[in-house]
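Below is one structure, written out as structure tokens; the observations come after it.
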Amino acid sequence: GQNIDQPTEMTATEGAIVQINCTYQTSGFNGLFWYQQHAGEAPTFLSYNVLDGLEEKGRFSSFLSRSKGYSYLLLKELQMKDSASYLCAVKSGGYNKLIFGAGTRLAVHP
Amino acid sequence: ETGVTQTPRHLVMGMTNKKSLKCEQHLGHNAMYWYKQSAKKPLELMFVYSLEERVENNSVPSRFSPECPNSSHLFLHLHTLQPEDSALYLCASSSGQGADETQYFGPGTRLLVL
């Protein structure tokens, strides 16, 4: 079957660092995406990993281990505007098919 | 990314109504997608169109009928829906079908079926 797991909710303090984990079991793997979604808005693209290792993009970094079926999104120097849901998605199969996790709702407190 | 628009943003309909959701992308993309997002559930892929041809129908009930008249527009026609169909319906587009093609999402239509 296809399964993507991520924590339902997390809280963190402004200025801190938070790591959001994602584990996956899919029948195929062509890459892993992270999206950010503020309440009532469109999911917006954050990062893409297809090879093992860390991809850094400003305050956000994403890590992938294909052998472990594991990824994480690292957010540094947290800001209040980072309060949102973070969606992990695996590209599996043909036709650019994305399989999504249920999302992690992050609350950043002062 | 503001290149994908959806109308209406909110829709309330009865189970006997017929309505349509519209999606338009201004990014020059060739592939378009419909997703359903229910509360506390993962996004579910409904349909995929590539170059105006439907390439995937993810076991969606026939009361949902997609239409893609050209590569910039995508519709979702709704008829005799059920209350459990209430959800956020998201449209997305991508430049193609390559493994690293990023999908860009519209803001969604929040649908309530009474």
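Chain letters run A, B, ... following the sequence lines, proteins first, then strands; residues in each count from 1.
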Keeping the roles fixed (side chain from Tyr48(A), backbone from Glu101(B)), state whether a donor-acceptor pair exists under 3.5 Å.
no

With the side chain counted from C-beta on, respond yes when Leu98(A) and Tyr33(B) share a heavy-atom pair under 4.5 Å apart, and no when they do not.
no

Is the shortest heavy-atom distance from the side chain of Lys97(A) to the side chain of Leu45(B) under 4.5 Å?
yes

May I ask you to list the residues in residues 84-93 of chain B that approach chain A closer than 4.5 angstrom, counting heavy atoms only, ordered by number?
Leu88(B), Leu90(B)

Which residues in residues 5-19 of chain B have any heavy atom closer than 4.5 Å to a heavy atom of chain A?
Arg9(B)

Quick check on the hydrophobic clustering: are [X] and [Y] connected, directly or via other members, by side-chain heavy-atom contacts under 4.5 Å?
X: Val90(A); Y: Phe63(A); value: no
X: Val18(A); Y: Tyr86(A); value: yes
X: Val60(B); Y: Val113(B); value: yes
X: Leu64(A); Y: Leu51(A); value: no
X: Met46(B); Y: Phe75(B); value: no

If I compare all heavy atoms of Ala42(A) with all of Gly106(B), which pair ends up nearest, and what's the gap?
CB-O, 2.9 Å

Decide if atom [atom1] of [X] counts as having more than 12 heavy atoms of other residues, nucleotides or ligands within a radius under 6.0 Å.
X: Arg66(A); atom1: CZ; result: yes
X: Glu77(A); atom1: CD; result: no
X: Gln82(B); atom1: CD; result: yes

In terms of heavy-atom proximity below 4.5 Å to chain B, should Leu87(A) be classed as side chain, backbone, both, or neither?
side chain

Hey, mind stepping through Leu43(B) and Tyr35(A) against side chain to side chain contact (heavy atoms under 4.5 Å, CB included) and telling me if it holds?
CA-CA 12 Å; Leu43(B) 268 75; Tyr35(A) 283 84; over 6 Å; no

Would you compute the distance between atom OH of Tyr104(B) and atom OG1 of Thr44(A) and round it to the nearest 0.5 angstrom?
10.5 Å

Once you round to the nearest 0.5 Å, how far does OG of Ser85(A) lie from CD of Gln37(B)?
8.0 Å

Would you check if the distance from the ring center of Phe105(B) to the ring center of Phe45(A) is below 6.0 Å?
no

Let me see the working for Phe100(A) and Glu44(B) under side chain to side chain contact (heavy atoms under 4.5 Å, CB included), right down to the final yes or no.
CA-CA 7 Å; Phe100(A) 280 85; Glu44(B) 302 171 51; over 6 Å; no

